[in-house]
There are 2 protein chains.
Amino acid sequence: MRPTVHDIAAAAGVSLATVDRVLNQRPGVRKVTREKVESAIREIGYVRDVAAANLAKGRTYPFVFLVPASDNSFMHGLNAEVRAAVARSPVERTDIRTIEVPAFDPAALVSELERLRGERPAGVALVATDAPDVREAVDRLVQDGIPVVTVVSDLTGSLRHHYAGVDNIAAGRTAARLLGRFLGGAKGEIAVLAGSMLVRDHRERLEGFAALISAEFPSLAILPVIEGRDDPELAHMLVSDALSKKDGIIGIYSLGAGNRGLIRALKEKAADRALTVVAHELTAHTRAALLDGTIDAILNQDAGHEVRSAIRVLKAKADGLSVIDAQERIRLDIFLKDNLP
Amino acid sequence: MRPTVHDIAAAAGVSLATVDRVLNQRPGVRKVTREKVESAIREIGYVRDVAAANLAKGRTYPFVFLVPASDNSFMHGLNAEVRAAVARSPVERTDIRTIEVPAFDPAALVSELERLRGERPAGVALVATDAPDVREAVDRLVQDGIPVVTVVSDLTGSLRHHYAGVDNIAAGRTAARLLGRFLGGAKGEIAVLAGSMLVRDHRERLEGFAALISAEFPSLAILPVIEGRDDPELAHMLVSDALSKKDGIIGIYSLGAGNRGLIRALKEKAADRALTVVAHELTAHTRAALLDGTIDAILNQDAGHEVRSAIRVLKAKADGLSVIDAQERIRLDIFLKDNLP
DNA sequence: GAATTTCTGATTTACGTACATCAAAAATAG
DNA sequence: CTATTTTTGATGTACGTAAATCAGAAATTC
């Protein structure tokens with residue numbers, strides 16, 4: 001049996017009340033006594049029974065998820081996963097509230113974060129827009145002792161406790177190597193379709209991609225980035241246009257959302273051409289395109305894992321517990337036709 | 001606040017004791033009363049507070065892990081993960097015991113399983129050796145109401161509750177596509193290094209690999225399988241030999257363990273040749289070989305995830321709860337030089 | 001050394017569930 | 001209708017922790 005508070009009391013020669021005061025950092029304990037108790041805790045190897053503690057406290061964890069009100073498959077998926085987590089929340093003693101904030105709008109995010117600072121939830125998860133004032137707002141929350149994790153997109157240089165998302169530079173490099181190897185030394189041009197260069201994940205993916213291509217696949221030339229604003233219609237138009245004008249294109253890297261438009265353009269304009277295509281995010285559309293050969297590989301981050309990981313980390317931080325790092329690392333999934341889930 | 005047993009009692013118009021009898025399936029409740037209580041439970045949407053229940057029961061989950069006494073990096077890694085789980089076990093109210101069983105020895109596994117049947121642990125996890133009498137022994141455990149999950153290697157047609165491992169046919173197909181695409185239509189021979197064709201995962205990987213190569217990459221010819229028994233020395237010898245004799249080899253698929261020997265052979269015999277190599281299981285050796293270009297891609301299953309998943313599933317089954325399927329699906333990791341963890 | 005402040009101990013209630021006991025009520029058998 | 005069995009209610013204790021109260025002890029101040 002693991003030791004309990006009673007065992008600490010006995011070992012330290014103090015009363016239960018004093019042990020409780022030390023454990024919960026309540027005032028009214030002399031320094032010497034406090035140290036006596038603390039060393040007893042260490043000696044007998046006491047670990048607080050979190051389940052019992054939460055039961056006694058009647059505690060639930062009021063968590064807040066800030067999700068961008070963005071209209072693409074990936075964000076819809078993320079939202080669905082948060083809702084699924086909300087559905088499970090009573091069982092896990094969490095009380096998750098989601099707040100939609102305008103996408104790519106640092107000011108809106110900041111004001112929401114400030115509001116939350118007054119509310120003092122047990123933890124905050126957010127899809128960060130990478131701006132200095134957002135970072136400052138997050139850091140203020142952290143300094144107030146509120147656990148904060150970023151999801152999907154991280155915040156440069158902030159004090160957030162954790163980032164539940166993939167390494168986007170590595171993702172870009174991986175895409176580059178796949179494209180480069182699949183093209184087998186051929187010479188030609190690569191088109192890159194992004195959502196917007198104002199978003200950190202997209203910038204990083206491009207950065208990793210471009211670096212590896214130029215370092216290891218010099219026979220491939222990267223064309224100026226096409227910014228499709230994650231909008232299927234716009235993406236369709238821009239990609240169609242590029243394919244018509246340039247017939248040196250032998251590969252495409254789609255690093256953002258809006259793949260529906262890309263896929264349509266490919267089917268219309270490139271059915272005859274042997275294009276190699278690598279895209280991000282597994283959705284119904286990209287899955288179908290992978291299966292029918294329009295896309296050759298899909299890089300993906302599992303939104304469900306990200307949401308669950310964020311919640312686990314917030315809970316652990318709220319309880320002052322440690323997390324299993326390997327469990328919380330969000331992996332970059334590579335899907336070929338053959339290993340689809 | 002979520003409803004409690006008191007709420008059920010009030011809603012059903014019975015006493016707490018009766019609710020308790022129904023909930024814990026104790027005798028002494030008339031059918032009509034039982035149904036009244038059950039419908040009240042459904043109506044108010046009561047879910048048992050597992051934490052409080054376990055506290056009251058003073059319950060710990062005595063789980064047993066049967067791991068093969070196999071001397072290769074992967075099994076060592078698996079063992080380490082189980083030990084890590086054991087270290088965490090007091091916090092999670094689990095009491096995990098590991099038992100080493102001789103590898104690839106159905107009889108030994110069966111006798112251990114039979115012994116456990118008498119012991120009645122709260123759950124059993126095992127790396128299955130795929131044999132009919134093992135299946136029967138597992139099914140007897142299941143029929144006795146003991147939760148059973150297979151880890152890494154599954155058991156054909158058995159009643160086990162769950163399999164915490166990757167789809168090995170898909171893994172073989174994925175390896176085939178990677179090799180095929182990386183080779184870019186070149187013509188030549190592919191060598192396959194396996195541990196033993198007596199193990200199910202290896203058989204399945206080969207099956208998937210061969211099927212896809214012959215269907216989609218007809219210019220590639222698969223040489224007879226080299227069985228290295230997961231032994232680095234033997235693998236080294238056999239691969240060296242093959243490389244010396246056949247100079248039509250342009251690709252290698254290593255689907256088992258013992259990659260240390262393979263890597264040595266490659267460095268000695270094929271430094272000059274442009275071989276494309278796909279191997280399984282990320283270890284210190286394969287990682288180094290991937291980074292220095294000796295290996296082109298590594299397929300991996302995360303032993304830590306498998307172990308934690310197995311424990312989560314066993315716990316859920318023991319409590320009669322459901323699991324989050326997406327969370328428990330073990331993914332096939334594809335590692336290139338650029339997305340190593 | 002008395003008055004005051006600061007610590008400490010003893011005790012109680014609570015969280016939601018499990019489990020046991022004993023008495024009372026209801027159903028069934030004879 | 002009585003005797004018996006079955007079903008139900010009432011109540012208490014326990015799990016490990018949190019949190020509160022109040023009295024008493026120890027330390028500090030003047």
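Numbered from 1 within each chain, the chains take letters A, B, ... in sequence-line order.
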Spacing of B:Lys36 atom NZ relative to D:dT7 atom P, expressed in whole Å: 14 Å

Within the 4.0 Å heavy-atom criterion, would you say A:Asp20 contacts the bases, only the backbone, or no part of the nucleic acid? base

Starting at the 5' end of DNA chain D, which residue's closest nucleotide do you reach first, A:Val50 or A:Ala17? A:Val50

Which whole-number value in Å describes the distance from A:Leu16 CG to C:dT13 C1'? 14 Å

Atom pair distance, as rounded to whole Å: CG in A:Leu55 and C1' in C:dA14: 9 Å

A:Ser15 vs C:dA10: side-chain N/O to OP1/OP2 distance below 4.0 Å: no

Pairwise 5' ranking along DNA chain D for B:Ala56 and B:Gly28, keeping only the more 5' one: B:Gly28

Just to confirm, is there a sub-4.0 Å distance from OP1 or OP2 of C:dC15 to any side-chain nitrogen or oxygen of A:Arg59? no

Looking at B:Thr18, does any N or O in its side chain come under 4.0 Å of the phosphate oxygens OP1/OP2 on D:dG9? yes

Using a cut-off of less than 4.0 Å, is there contact between a side-chain N or O of B:Arg48 and OP1 or OP2 of C:dA18? yes

Does A:Arg59 qualify as a cation-pi partner of A:Tyr61, given the criterion of NZ or CZ under 6.0 Å from the six-membered ring centre and within 45 degrees of its axis? yes

Take atom CZ of A:Arg21 and atom C1' of D:dT21, then tell me their distance rounded to the nearest Å. 10 Å

By nearest nucleotide on DNA chain C, pick out whichever of A:Pro27 and B:Tyr46 is the more 5' one. A:Pro27

Side chains of B:Thr60 and B:Asp95: donor-acceptor distance under 3.5 Å anywhere? no

Hey, does A:Ile324 have a side-chain heavy atom less than 4.5 Å from the side chain of B:Arg308? yes

Using a strict 4.0 Å threshold on nitrogen-to-oxygen distance, state whether A:Glu38 and A:Arg42 make a salt bridge. no

Atom CG of A:Asn54 and atom P of C:dT17: how far apart are they, to the nearest Å? 15 Å

Mind calculating the distance between NZ (A:Lys57) and P (C:dT13) to the nearest angstrom? 23 Å

Please pick, from C:dG9, D:dT7, C:dA18, the nucleotide with the shortest atom-to-atom distance to any side-chain atom of B:Arg30. D:dT7

Does the side chain of B:Val5 come within less than 4.5 Å of B:Tyr46's, by heavy atoms? yes

Integer-rounded Å distance: C:dA27 C1' and B:Arg34 CZ: 17 Å

Could you check how far CG of A:Leu321 sits from P of D:dT17, rounded to whole Å? 13 Å

